[in-house]
Amino acid sequence: MGARIEAGSDYIKVLQDDGARPDRSASLPAFSPQRVAVVLAAARATGRPVVVHVQQLADARIAVMNGANALEHAVCDVPIDDALVAEMKARGVAQTATLATYAGLAGADDARRLAADPSVAPYLSARLRGMLGLVWKYPRLKDFEIAMANTARLAKAGVTIIAGTDAPNPTTAFGPSLHLELALMVRAGMTPKRALVAATSAPAAFFGTADRGRIAAGLKADMILVDGDPTRDIAATRKIVSIWKNGYVVDRTAHE
C-alpha cells in the first residue's frame, strides 16, 4: 500500500474475484474472507478511497462489510438481496456497474451500433472502431441480464452510481463507450438526469475532485455542448457540437 501511495495513487483498488459463476468453477486466485478483511483494513488506513473489483454476491458482501467505498462491476452471478442493498445505502458504498462491458460479453450489438451512429462514427479513429468491433470468444448472456437487474435495484434504492465502462475490454473503447454506458443506465431504469450525474458530479464527489464535475464559476473548464437535451434523451450526449478541455476548444477531427 505504501508503495502505491508514494507513487501518487489517488485511490486503492483491490481485486476479489475467483472467476466462478453458477455454471463455472473458480479459475483465478482470490483472497480468503479473512485475508481480504486484512487487505481492506490496510487500504482504508491509507486514507484513500478503496474500490473493490467484485462480480459475485459473496465477494460484494465481504467488500461492503469490510469498508469498501465502491464496488467495481455489478454483481452478475445472482440477484442481490435486500440486506446488501440496505448495507450499501447505509454505508454510502457506490457502484460502478460497467454495463457496456457486460453488454458486449452477452454478444449484444450495442457497441457495433454505437460505432455506426452518424453522430459518433465520423470521429472514431480506426483503432477505436476496431475496439468496438471486437467480440468475446465465449459470450455470457446471463451475466448481462443479472448485472442490469442488480444495477436497477441499487439505483432505485438510492445507491450512488458512478459511470464507468471497463474499457478496453472487447466491444469497448475509451471515450465513445461512455455514451453506451449512459444509455444502458437509462435502459436499466435510471432517469437520463441521474445517468448524467453518474458521469459528472458523482465521480467528482466520490474522488474528492471538487474543481470539476459541475459547470460553475471557478471550476475546471471541461465541458461539452450538445445539440439536444440529454436530460430528456440520453442519446443527445452523442450529438456533440463543441468540446472544451481546460478551457481550450478541442479539435474533434484530430484522430489518433
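Each residue takes its place number in the sequence, starting with 1.
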Would you compute the distance between atom [atom1] of [X] and atom [atom2] of [Y] and round it to the nearest 0.5 angstrom?
X      : Y      : atom1 : atom2 : answer
Arg61  : Asp81  : CZ    : CG    : 4.5 Å
Gln95  : Met88  : CD    : CE    : 5.0 Å
Asp110 : Leu180 : CG    : CG    : 5.0 Å
Ile62  : Gln16  : CD1   : CD    : 6.0 Å
Leu178 : Leu114 : CG    : CG    : 10.0 Å

Verify same cluster id: [X], [Y] (apolar side-chain graph, 4.5 Å):
X      : Y      : answer
Val249 : Val241 : yes
Leu71  : Met190 : yes
Val159 : Val54  : yes

>> Show me the pairs that pass side chain to side chain donor-acceptor pair (under 3.5 Å) and involve residues 191-214, at least two apart or across chains.
In response: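 Residue pairs with at least one partner in residues 191-214: there are none.
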
> Please, which pairs that meet side chain to side chain donor-acceptor pair (under 3.5 Å) have at least one residue in residues 164-184, sequence neighbours excluded?
Replying inline: Asp166-Asn169, His179-Thr237

Using a 3.5 Å distance criterion without hydrogens, assess whether the side chain of [X] forms a donor-acceptor pair with backbone atoms of [Y].
X      : Y      : result
Asn150 : Val75  : yes
Arg252 : Ile240 : yes
Trp136 : Ala106 : no
Thr101 : Thr98  : no
Ser125 : Leu128 : yes

>> Would you call the rings of Tyr102 and His73 parallel, tilted or perpendicular, taking 30° and 60° as the class edges?
In response: perpendicular

> Can you name the nearest heavy-atom pair linking Ala188 to Ala152, along with the distance?
Replying inline: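 So the minimum-distance heavy-atom pair works out to O-CB, 2.9 Å.
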
> How close do Pro192 and Val186 get, heavy atom to heavy atom, and via which atoms?
Replying inline: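 Here Pro192 and Val186 meet closest at CA-CG2, 3.9 Å.
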
>> Show every salt bridge (charged side-chain N to carboxylate O under 4.0 Å, His left out) that has at least one partner inside residues 218-230, sequence neighbours left out.
In response: Asp222-Lys245, Asp229-Arg232

> Can you pull the salt bridge (charged side-chain N to carboxylate O under 4.0 Å, His left out) pairs that have at least one residue in residues 5-19, sequence neighbours excluded?
Replying inline: Asp17-Arg21

> Who pairs with Phe174 by ring pair (Phe, Tyr, Trp, His ring centres under 6.0 Å), at least two apart in sequence or on another chain?
Replying inline: none

> In chain order, what residues pass the ring pair (Phe, Tyr, Trp, His ring centres under 6.0 Å) check against Phe31, with sequence neighbours excluded?
Replying inline: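 Applying ring pair (Phe, Tyr, Trp, His ring centres under 6.0 Å) to Phe31 gives none.
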
> Quick one: which of Arg112, Arg238, Lys239 gives a side-chain hydrogen bond (donor to acceptor under 3.5 Å, both in side chains) with Asp117?
Replying inline: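 That would be Arg238.
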
